[in-house]
Amino acid sequence: MDPIQNPLFREPIGMTFRAKRELMDLTVEDAAKALKFGTHLIDAIEHEEWHKLGAPIFAKSYINSYIKLLGLSEDIRNEIPGMNSTPPLKAITSAKIEPARRSSKWLLAVVSVIAVGGLMAYLNLRQSPSEALSLDALVDNAVTPDNQAIQAAVTIDGQSAGQVVAANAEPVPAAAPAKIAELLIRSKQESWVEVRGKDGSVLFSGTLGGTTEFRQDPAKVGKITLGNASSAEISLDGAKLDISPLIRDEVARFTLSDDGKPAAADSVPTSTIPNE
């Protein structure tokens with residue numbers, strides 16, 4: 001290339017990072033140790049292999065940290081493909097409610113039949129009422145001079161058998177509603193979250209932060225992936241879960257065991273930044 005034309009072309013982004021690092025007399029290992037990154041992430045940035053940085057929210061975190069370490073201008077982010085894009089939120093469920101297609105004539109006919117049947121039953125009851133005999137009435141009618149022993153047997157301290165049973169009856173407490181377990185995920189800062197069901201389906205994919213949060217029945221949850229995981233809070237039925245041992249490069253991938261404890265899951269990137 002003609003040296004005269006060199007000023008017309010901008011220096012590659014990755015070379016800018018590398019030149020600044022070498023100017024500061026830092027090796028790749030020094031930079032990775034200072035940022036608590038893997039060396040492969042430093043190499044990916046300096047070789048502009050953005051797809052190796054994982055999901056967009058992870059890539060932004062890595063690149064911003066490297067820019068601050070080297071003291072580069074934050075405007076360099078605008079030259080990196082995908083840095084200004086925001087992952088779209090996916091709808092958890094989608095249901096279409098259709099109005100009931102019932103004929104008003106059929107509805108009127110059913111109501112009329114029910115009304116006529118109810119009226120006929122009421123008239124029959126008024127014409128031939130049935131006598132309901134209580135236990136007390138049965139006892140009184142059955143007692144004669146010949147069977148006074150029966151009356152004594154069913155009368156206790158001046159109370160009839162029906163009164164004794166009613167007095168000794170204990171109220172039955174209402175059954176308490178079954179408690180449904182709940183998994184809660186929220187974050188103090190912006191955090192990318194993907195939650196998959198046990199069948200592999202995506203229950204949620206997007207960002208959480210501030211007042212936004214995710215709630216789900218833990219029995220339906222399979223694998224959970226968190227970016228910027230150190231700022232995320234995960235709780236099960238109000239009890240906070242500790243995922244700090246599972247965090248690697250600000251990313252946590254885990255599942256919930258049968259006893260509700262977080263356990264490490266396989267590390268497979270869920271989305272990438274397009275390599276433009």
Side-chain angles (χ1 to χ4, degrees), residues 1-90 185-194 204-214 225-233 243-244 246-253 267-276:
M1 182 180 295
D2 190 348
I4 298 178
Q5 295 182 354
N6 285 343
L8 299 177
F9 296 90
R10 297 184 61 84
E11 186 179 44
I13 301 173
M15 190 175 294
T16 301
F17 281 97
R18 178 177 179 180
K20 182 64 175 180
R21 174 178 57 78
E22 293 177 347
L23 182 63
M24 296 174 65
D25 198 21
L26 294 174
T27 64
V28 173
E29 290 74 14
D30 293 336
K33 184 177 180 180
L35 296 173
K36 298 181 180 180
F37 287 174
T39 55
H40 66 285
L41 296 176
I42 302 297
D43 289 333
I45 294 174
E46 294 185 353
H47 290 86
E48 301 185 25
E49 296 175 334
W50 314 118
H51 62 282
K52 293 185 178 181
L53 299 179
I57 188 65
F58 307 151
K60 291 180 182 180
S61 177
Y62 300 147
I63 294 172
N64 288 339
S65 298
Y66 201 17
I67 288 174
K68 292 179 181 178
L69 176 67
L70 301 179
L72 294 171
S73 172
E74 296 185 356
D75 293 339
I76 195 173
R77 290 180 301 185
N78 299 328
E79 303 177 25
I80 300 175
M83 279 297 290
N84 295 324
S85 63
T86 301
L89 289 176
K90 295 182 179 180
I185 302 176
R186 56 189 175 189
S187 180
K188 299 177 183 177
Q189 301 177 2
E190 185 182 56
S191 179
W192 185 86
V193 181
E194 181 182 82
F204 178 80
S205 177
T207 55
L208 296 178
T211 58
T212 58
E213 57 187 27
F214 171 78
T225 304
L226 298 177
N228 200 10
S230 59
S231 66
E233 294 182 359
I243 62 170
S244 56
L246 306 177
I247 299 176
R248 298 290 184 275
D249 296 332
E250 280 299 314
V251 181
R253 298 181 177 91
S267 56
V268 179
T270 56
S271 59
T272 59
I273 299 178
N275 187 12
E276 298 180 356

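If you're wondering where the values come from, they're calculated on a predicted model, not measured in any experiment. FYI, the numbering just counts along the sequence from 1.
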Query raised in the report: Which distance, rounded to the nearest 0.5 Å, do you find between the CD of Glu233 and the CD1 of Ile185?
Result: 11.5 Å
Query raised in the report: Does atom CE of Met15 have more than 12 heavy-atom neighbours, drawn from other residues, nucleotides or ligands, at distances under 6.0 Å?
Result: no
**Report entry** More than 12 heavy atoms of other groups within 6.0 Å of Arg21 CZ
**Finding:** yes
Query - side chain to side chain contact (heavy atoms under 4.5 Å, CB included) involving Leu69 - partner list, sequence neighbours excluded - result: Ala31, Ala34, Leu35, Tyr66
Query raised in the report: Measuring from Gln189:CD to Ser230:OG, what's the distance to the nearest 0.5 Å?
Result: 7.0 Å
Query raised in the report: Under a 4.5 Å cut-off applied to non-hydrogen side-chain atoms, are Phe17 and Ile76 in contact?
Result: yes
**Report entry** Closest approach of Ser73 to Ile67 (non-hydrogen atoms, all atoms of both residues)
**Finding:** O-CG2, 4.1 Å
Query raised in the report: Which heavy-atom pair separates Gly38 from Asp249 by the least distance, and what is that distance?
Result: N-OD1, 3.7 Å
**Report entry** Donor-acceptor under 3.5 Å (Asp30 side chain, Thr27 main chain)
**Finding:** yes
Query raised in the report: For Asn228, which of Lys60, Glu250, Glu190 qualifies under side-chain contact (heavy atoms from CB on, under 4.5 Å)?
Result: Glu250
Query raised in the report: Which value, rounded to the nearest 0.5 Å, describes the distance between Lys68 atom NZ and Ile63 atom CD1?
Result: 13.0 Å
Query - Heavy-atom donor-acceptor pair, Glu48 side chain to Ile13 backbone, under 3.5 Å - result: yes
Report summary line: Sorted by chain and residue number, the side chain to side chain contact (heavy atoms under 4.5 Å, CB included) partners of Glu22 (sequence neighbours excluded) come out as Arg18
**Report entry** By side chain to side chain contact (heavy atoms under 4.5 Å, CB included) - contacts of Thr212 (at least two apart)
**Finding:** Leu208
Requested in this report: Would you check if the side chain of Thr207 reaches a backbone N or O of Trp192 as a donor-acceptor pair within less than 3.5 Å?
Outcome: no
Query raised in the report: Can you name the nearest heavy-atom pair linking Trp50 to Ile45, along with the distance?
Result: CH2-O, 3.8 Å
Report task. Might you point out which heavy atoms bring Phe37 and Ser61 nearest each other, and give the distance in Å? Result -> CZ-O, 4.5 Å
Query raised in the report: When you look at Phe214 and Val193, which way does the side chain to side chain contact (heavy atoms under 4.5 Å, CB included) test go after all the steps?
Result: CA-CA 9 Å; Phe214 171 78; Val193 181; 5.8 Å; no
Query raised in the report: CD of Glu194 to CG of Leu226: how many Å apart, nearest 0.5 Å?
Result: 10.5 Å
